[in-house]
Each structure stands twice: as structure tokens, then as C-alpha cells.
A.B. asks: 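Following this message is one structure expressed as C-alpha cells.
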Amino acid sequence: MTLRHRLEKQIPEAAVSEAVEPIVYYLDNGTPEPVRSALLEGGKLWNQAFESAGYRNAFQIKILPDDADPMDVRYNVIQWVHRSTRGWSYGASVVDPRSGEILKGHVSLGSLRIRQDFMLAQALTKAPYANGKTDDAEMMEMALARIRQLSAHEIGHTLGFAHNFAASTKNRSSVMDYPHPTLSIINKTIDFKNAYATGIGSWDKIAVQYSYSDFSSEEEETKSLNALMTRAMKENHLFITDQDARPLGGAHPKAHLWDNGSSAADEMNHLLQVRQIALNQFSIDQLKPDEPLSVLRDRLVPLYFLHRYQLEALVKSIGGQSYQYARKGDVFSTSKPIAVAEQKESFQTLLKTLEAKELKIPKSIHDNLLPHAFGYGASRESFQSQTGPVFDHMGAANTLSDQIIKMLLHPERASRLNQQKALDKRQLGLSEVISTLLQATFQKPSASGIDQALQTVVQGNVLKHLILLGKSKQVPVAVRAEAFGQLQQLADDLNTSSLAYAPYFQQQIKSFLAAPVMIENDQAPRIPDGSPIGTTLMCN
């Protein structure tokens, strides 16, 4: 059953016609500027999609009248909710279960949603508050661009549309994806003027045409809708939603939240360049005049973890499968492993993110990462610390590298790697992944100073997750056996290793091999909260 608002043409036979009764949404009249204008502009984008389906001015947004109750079923409402904590945004509908007709759309947007992008823009901008400057206009525009997109996204849910998490890989073709800001490098300077798309996406037009087009008969409807979807597939549109995009062990390389680009590896390399430029220019001029220096450590968080979501997109190519939802008889219905070359490229790119140069924080700001000032304590958005009030450099690297290796050695991914090698010996397999990972972390030449300390952090996390894989009950015996074998080989190699902590690592392995269920694994500091992402289909 298709969910949709009631919409009919005044002139059914016309290619383009006014609607008998347009779909009207009302924006909460308590919404402040400049957010009010951003929400209006973003929501009105849907009219572009309805025009592509043959309706003129069929989707409208107005300000809610003073005497109207936002809960009144007669009003489709975009509600602006003031809150002092992190929260989600929702797009929900009241639906007639007999017909699928949407009787009321209701969007709830939290007032803190503008904050995350503003904080990121502050971290990416070179010396935004140097020489006493306090102007936030450029950074605020990036945040408002996100609000425009968010308005269109949540309204899209109330029009009957689900997330499409593959859209970001095709030129941001849907507002129903979760968008990461598109960041450019111009003359060695980070530019975010094109951070978010400014129009409705090509997939969104297809979705409106599919759900809202008028047809003279059931036969014409079936024929036209099949033709529409065939054209969409030929144009390389792909629809993959939550069930395949959210799981950490997911297999689809194009279905992910907060990623960008048709190539996950290319985008990761680009983001690493952006991140390095921003880290190198990061300074106390990220702070406004008279702000406590300790605020700098929280302002660093979104920058240090800038690539956290692209990492999840990248790892899905490793042991990944290409597929799409299909019906019997569809010509686009195959499921096949990702090409070996693409998997290996993604793997090598992932290994780069574990190098010391990608994990350390520039020395130029070490002295300015002060303990939290009175009234400015740590929060869910702060770096976690194992060093008390002193900034924990090793802890930041521990958190990041732990997340990377946890994804790479996820039980489902390890099982797929094992299976795809068994089905096709030319494919990338689990044995190659683990041995290459160990070579890149345990068998590389010993570093010194901070690089050595970071190398040890990464080695500890590799060992931890390899042990977890070896005792996992979620994998077939071949996977556990591979983990055991690799650990035994590592223990032998450590006999002649010059690594400072070789005896400790060796003892950990011996303890595990002797009694796998008894060993307790270290816990990395929890990664700070990122964007407020929910777990239901109708939130962002």
C-alpha cells in the first residue's frame, strides 16, 4: 500500500494542472529567524518534485495561524521544538489504514539541530575569531544550509517517502539521504559554500512521480510505473534504506549514513586532506574573545572525528556485496561481491587512517588544550579521558583506532570475507585481511616518541579485536580458527620482535589461547556523540 496525501488534478487529462486541493504545510509561528526562512525555503523545494509529476503549485508552506492548534488533524505542521539537550528530528504521519491516505503530516525539529554544523564550521575555518573578530555569518550559513535540507528531509517522510541512503553516491540525488557536508579545497583553503545541496534531488522527483501521478486506468498505472522504475535503474538510481545501511556490519558499499561520493576511497582520501589542513591551522583563534581556552578541546572534537562516518562507508566495500531490492522478472536483480580491486583499494585506504600521522594532534596546540574551566565541564560531546583533567592524546587515538578496527574485524564482515574466498579463490579473503593488518601494525619498523606511543595504541586495539573475533559465537568455526592461527603466528613473531611491549602482547595471546573465555579485553574511551541520529525509520 502506497502512503500519500490526497492529490488530484483539476484537469486530469492535462500534462500539467493545478490541484483540486493543494497539499499545504504550516510552519510553527514561534520559529525564530533566520531558522524560519531556512525551513520555509527548504520545505518549498518539494514543489519542484510535484511539478515533475504534472502538478502546478500543488505543494505549499504557510505560517501557522495564531489561533490554530498544531495537533489539529486539519493542519500539516512543521513544529519547532525548543530544547536544551541533544535530540532528533521526526517526520511522522496520521494515516488511514484502509487506503494509505495521509491525513496529517507532522514534523518535529529540535532547536539544537543547527548547532552541530555550526561547531564543525567553526573548527574548519582558519582563525575565524582572530584580531577580536566575532562575526559568525559565514559559519552560520553552512548551518542554515543544513537546516534547509533537514526541512525537506523530514517533510519528505510525511509525504510517504523512506530514507534512500544510496543517494549520496549519485550526486546527492535525494534529500532523503543523511548528508555529510561537501567540503572543497581551494588554494589550500577549506571551502564549504557548497556544503549541502540546494534543490530537490532527481530521485525525489522519481519518488513523487511514482506515488502521486494520476492514471486513467490500472493497466496504464502498472505500465507507467514499471517504465518509470526501469528508466530510474538505467540512470543508475539506487534505493537502499535503513535495514541495509544502519548495521555496523552492513555489506552494501553504497548504502550509508553521512557519507559522500561515488567512490568511498576517493572521498576518504579527500577528507583526510581536508582534515589535515584544518588540524594544521587549528589554533586559539577558533575561540571568540574571552572564551575559556578549555573550550578549544571540545571545538576540536568534530574536526578530529571528521571522517568517522566516511570510515563506515569505506569499510563496507571490504567483504561487500552489490545488490538492490528486486522482484521476480526484474532485469536488475543480481547480487555479487564487490570487485577485488575496489575491495583492496578500500582496505589500503583504511590502513592509512591507522598511521600515526592521522591519529596525532598537532603539537602547535598541545599547550592550549587546558583542563575544563569552571562552568565548562566535559559532556557527551567531549573527548573521554584516562588521564584525569589533563588532555588525553593517547585516549583520542585509542577511541578512533578502536572504532576503525572494530568495523574491519566485525564478525559479519569477517564471515563474509571467509565465505567469498571459499566461493571464489580470486577474491579478497579473511586470511589476507588479517595478515596484512598485522603486517601494517605489528611488523612495521618501530617508531619513536609520540609515533611509537600511537603505534602501541593501534597494536593493542588490533590484538583486542582479533581476540574478540577468535572467541565470537557469531562466526563460523573457520573464522575462529583463522583468528587462532593468526594469533599463534603473531606470538611466534613477537619472540624476535624489538617492539617495546612485545612481552605483554605475547602474554595476552598465550592467555587467550590457553583459556579463550577467561581473558578480559580493555575498553577504549567512548567516542563522543556526533550528529543526533535516531534508530527509527522516520528520524534524522
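Start at 1 with the first residue, then count along the sequence. On a predicted model such as this, the values are computed, not experimentally measured, just so you know. Reckoned from all heavy atoms, side chains included, excluding hydrogens, waters and symmetry mates.
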A.B. asks: Does Gln122 reach the side chain of Arg299, with side-chain heavy atoms less than 4.5 Å apart?
C.D. replies: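 Yes, side chains in contact.
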A.B. asks: Distance alone, cut at 3.5 Å: any donor-acceptor contact between the side chains of Gln276 and Asn280?
C.D. replies: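 Indeed, the side chains of Gln276 and Asn280 share at least one donor-acceptor pair under 3.5 Å.
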A.B. asks: Which atom pair, heavy atoms only, marks the closest approach of Asn398 to Val457?
C.D. replies: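 Minimum heavy-atom contact is CA-CG1, 3.4 Å.
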A.B. asks: Could you go through the side chain to side chain contact (heavy atoms under 4.5 Å, CB included) check for Leu257 and Arg246 one step at a time?
C.D. replies: CA-CA 7 Å; Leu257 294 61; Arg246 288 187 184 273; 3.5 Å; yes
A.B. asks: Any chance you could lay out the side chain to side chain contact (heavy atoms under 4.5 Å, CB included) test for Ser382 and His372, step after step, and finish with the verdict?
C.D. replies: CA-CA 10 Å; Ser382 303; His372 291 284; 4.2 Å; yes
A.B. asks: What distance do His256 atom NE2 and Glu312 atom CD have between them, rounded to the nearest 0.5 Å?
C.D. replies: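 Between His256 NE2 and Glu312 CD, I get 4.0 Å after rounding to 0.5 Å.
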A.B. asks: Would you sort out whether Leu293 and Ile284 count as a side chain to side chain contact (heavy atoms under 4.5 Å, CB included), showing the intermediate values?
C.D. replies: CA-CA 7 Å; Leu293 272 177; Ile284 60 172; 3.5 Å; yes
A.B. asks: Is there a side-chain contact between Pro411 and Lys473, using heavy atoms and a 4.5 Å cut-off?
C.D. replies: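 A side-chain contact under 4.5 Å is absent here.
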A.B. asks: Side chains of Ser174 and Asp204: donor-acceptor distance under 3.5 Å anywhere?
C.D. replies: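 Looking only at side-chain atoms, Asp204 and Ser174 do form a donor-acceptor pair, the distance falling under 3.5 Å.
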A.B. asks: Between the side chain of His410 and the main-chain N/O of Ala414, is any donor-acceptor distance below 3.5 Å?
C.D. replies: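 Checked: no pair found.
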A.B. asks: Would you please test Thr456 and Gln452 for side chain to side chain donor-acceptor pair (under 3.5 Å) and show each step?
C.D. replies: CA-CA 6 Å; Thr456 301; Gln452 181 187 37; 5.7 Å; no
A.B. asks: Are any of the side-chain heavy atoms of Met268 and Thr353 separated by less than 4.5 Å?
C.D. replies: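 Side chain of Met268 against side chain of Thr353, heavy atoms only: contact under 4.5 Å found.
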A.B. asks: Can you give me the closest heavy-atom contact between Val390 and Thr387, atom names plus distance?
C.D. replies: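 Nearest pair, atom of Val390 first, then Thr387: O-OG1, 2.5 Å.
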A.B. asks: Measuring from Arg413:CZ to Lys406:NZ, what's the distance to the nearest 0.5 Å?
C.D. replies: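 Nearest 0.5 Å value for the CZ-NZ distance: 12.0 Å.
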A.B. asks: How are the rings of Phe239 and Trp203 set to each other: parallel, tilted or perpendicular (split at 30° and 60°)?
C.D. replies: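 Aromatic pair Phe239/Trp203 classed parallel.
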A.B. asks: Does the His163 side chain pair with the main chain of Phe165, one donor and one acceptor, at a distance under 3.5 Å?
C.D. replies: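 The answer is no, because no donor-acceptor pair under 3.5 Å joins these two groups.
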A.B. asks: Compare every heavy atom of Ser111 with every heavy atom of His82, then report the nearest pair and how far apart it is.
C.D. replies: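 Minimum heavy-atom contact is CA-OG, 3.4 Å.
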A.B. asks: Please determine whether a side-chain nitrogen of the Lys or Arg among Glu381 and Arg115 lies less than 4.0 Å from a carboxylate oxygen of the Asp or Glu.
C.D. replies: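 Result for this pair is yes, salt bridge flagged.
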A.B. asks: Could you tell me if the side chain of Ile78 sits less than 4.5 Å from the side chain of Asp28, heavy atoms only?
C.D. replies: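 No, side chains not in contact.
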A.B. asks: Considering non-hydrogen atoms only, spot the tightest contact between Ile147 and Val35 and give its length.
C.D. replies: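 Taking every non-hydrogen atom into account, CG2-CG1, 4.2 Å.
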A.B. asks: Any side-chain donor paired with an acceptor under 3.5 Å for Ser263 and Glu267?
C.D. replies: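 Side-chain D/A pair, Ser263 to Glu267: absent.
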A.B. asks: Is there side-chain contact between Leu45 and Gln48, with at least one heavy-atom pair below 4.5 Å?
C.D. replies: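 Yes; the side chains approach each other to less than 4.5 Å.
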A.B. asks: Between Arg275 and Tyr304, is NZ or CZ placed under 6.0 angstrom from the six-membered ring centre and within 45° of the ring axis?
C.D. replies: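 Verdict for Tyr304: a cation-pi partner in Arg275.
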A.B. asks: Given 3.5 Å as the limit, does a donor-acceptor pair link the side chain of Asn29 with the main chain of Ile63, or not?
C.D. replies: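 Not a single qualifying donor-acceptor pair exists.
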A.B. asks: Looking at Val24, is its backbone amide N or carbonyl O close enough to the side chain of Lys62 to form a donor-acceptor pair, meaning the two atoms are under 3.5 Å apart?
C.D. replies: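 No, Lys62 side chain to Val24 backbone: no donor-acceptor pair under 3.5 Å.
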A.B. asks: Should the pair Tyr25 and Phe59 be assigned to parallel (<30°), tilted (30 to 60°) or perpendicular (>60°) ring geometry?
C.D. replies: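 The rings of Tyr25 and Phe59 sit tilted, inter-plane angle from 30° to 60°.
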A.B. asks: Hey, what's the ring geometry for Trp258 with Tyr178, parallel, tilted or perpendicular (30° and 60° as the breaks)?
C.D. replies: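 Correct class here is tilted.
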A.B. asks: Say whether Ser37 and Glu33, considering side chains only, have a donor N or O and an acceptor N or O under 3.5 Å apart.
C.D. replies: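 Looking only at side-chain atoms, Glu33 and Ser37 do form a donor-acceptor pair, the distance falling under 3.5 Å.
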A.B. asks: Could you tell me whether Tyr376 atom OH has more than 12 heavy atoms of other residues or ligands within 6.0 Å of it?
C.D. replies: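 12 or below, so no.
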A.B. asks: Before accepting this row, confirm whether a basic side-chain N of the pair Glu141/Arg148 lies closer than 4.0 Å to the acidic partner's carboxylate O.
C.D. replies: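 Salt bridge between Glu141 and Arg148, a charged N being under 4.0 Å from a carboxylate O: yes.
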A.B. asks: Asp259 and His180: side-chain donor and acceptor closer than 3.5 Å?
C.D. replies: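 Absent: no donor and acceptor within the cut-off.
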A.B. asks: Do Arg172 and Thr182 pair up side chain to side chain, a donor and an acceptor below 3.5 Å, judged on atom types alone?
C.D. replies: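 A pair is found: one side chain offers a donor N or O, the other an acceptor, under 3.5 Å apart.
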A.B. asks: Do the side chains of Tyr90 and Leu109 get nearer than 4.5 Å, heavy atoms only?
C.D. replies: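 Sidechains of Tyr90 and Leu109: no contact.
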A.B. asks: Measure the CD-CG distance between Gln149 and Asp117 for me, rounded to the nearest 0.5 Å.
C.D. replies: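 Output value for this atom pair is 10.0 Å.
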A.B. asks: Can you confirm whether more than 12 heavy atoms, excluding those of Tyr75, are under 6.0 Å from its OH atom?
C.D. replies: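 Yes, OH of Tyr75 has more than 12 neighbouring heavy atoms, counting only those of other groups under 6.0 Å.
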A.B. asks: Regarding Asp136 and Lys288, does a basic nitrogen lie under 4.0 Å from an acidic carboxylate oxygen?
C.D. replies: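 Salt bridge: yes.
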A.B. asks: What's the separation between atom OG in Ser151 and atom CG in Leu144, rounded to the nearest 0.5 Å?
C.D. replies: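 These two atoms lie 12.0 Å from each other.
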A.B. asks: To the nearest 0.5 Å, what is the distance between CH2 on Trp46 and CD1 on Ile200?
C.D. replies: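 Between Trp46 CH2 and Ile200 CD1, I get 4.5 Å after rounding to 0.5 Å.
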A.B. asks: Are Asp191 and Lys193 within salt-bridge range, i.e. N to O under 4.0 Å?
C.D. replies: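 Yes.
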A.B. asks: Please confirm whether the backbone N or O of Gly105 pairs with a side-chain atom of Asn76, one donor and one acceptor, at under 3.5 Å?
C.D. replies: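 Side chain of Asn76 to backbone of Gly105: a pair is present.
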A.B. asks: Hey, can you tell me if His366 and His393 have their rings parallel, tilted or perpendicular (30° and 60° cut-offs)?
C.D. replies: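 His366 vs His393 ring planes: tilted.
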A.B. asks: Could you tell me the separation between the CG atom of Leu490 and the CD atom of Gln459, rounded to the nearest 0.5 Å?
C.D. replies: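 Going from the CG atom of Leu490 to the CD atom of Gln459 covers 9.0 Å.
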A.B. asks: Whether the side chain of Thr241 engages the backbone of Ala162 through a donor-acceptor N/O pair (distance < 3.5 Å, no angle test) should be reported.
C.D. replies: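 Flag not set: sc Thr241 to bb Ala162 has no pair under 3.5 Å.
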A.B. asks: Identify the two heavy atoms, one from Gly470 and one from Ala483, that lie closest to each other, and give their separation to 0.1 Å.
C.D. replies: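 Smallest interatomic distance, heavy atoms only, reads CA-CB, 3.6 Å.
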A.B. asks: Could you go through Met119 and Asp298, starting from their C-alpha distance and side-chain angles, then the distance that decides it, and tell me whether this counts as side chain to side chain contact (heavy atoms under 4.5 Å, CB included)?
C.D. replies: CA-CA 9 Å; Met119 291 170 59; Asp298 283 344; 5.8 Å; no
A.B. asks: Under a 3.5 Å cutoff, is there a donor and acceptor pairing between the side chains of Tyr309 and Asn260?
C.D. replies: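 Side-chain D/A pair, Tyr309 to Asn260: absent.
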A.B. asks: Closest heavy-atom contact between Pro65 and Tyr26?
C.D. replies: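 Taking every non-hydrogen atom into account, CD-CD2, 3.9 Å.
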A.B. asks: Any idea how Phe305 and Phe383 line up, ring-wise: parallel (<30°), tilted (30 to 60°), or perpendicular (>60°)?
C.D. replies: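 Tilted, since the angle between the ring planes falls between 30° and 60°.
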A.B. asks: Could you tell me if the side chain of Asn461 sits less than 4.5 Å from the side chain of Thr441, heavy atoms only?
C.D. replies: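 They are not in side-chain contact.
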A.B. asks: For a 4.5 angstrom cut-off between non-hydrogen side-chain atoms, does Asn164 reach Asp177?
C.D. replies: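 Side chain of Asn164 against side chain of Asp177, heavy atoms only: no contact under 4.5 Å found.
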A.B. asks: With distance as the sole criterion, is a donor-acceptor pair present between the side chains of Glu291 and Tyr129 under 3.5 Å?
C.D. replies: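 No, no side-chain donor-acceptor pair sits under 3.5 Å.
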A.B. asks: Under a 3.5 Å threshold, yes or no: a donor from one side chain and an acceptor from the other, between Asp402 and His465?
C.D. replies: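 A pair is found: one side chain offers a donor N or O, the other an acceptor, under 3.5 Å apart.
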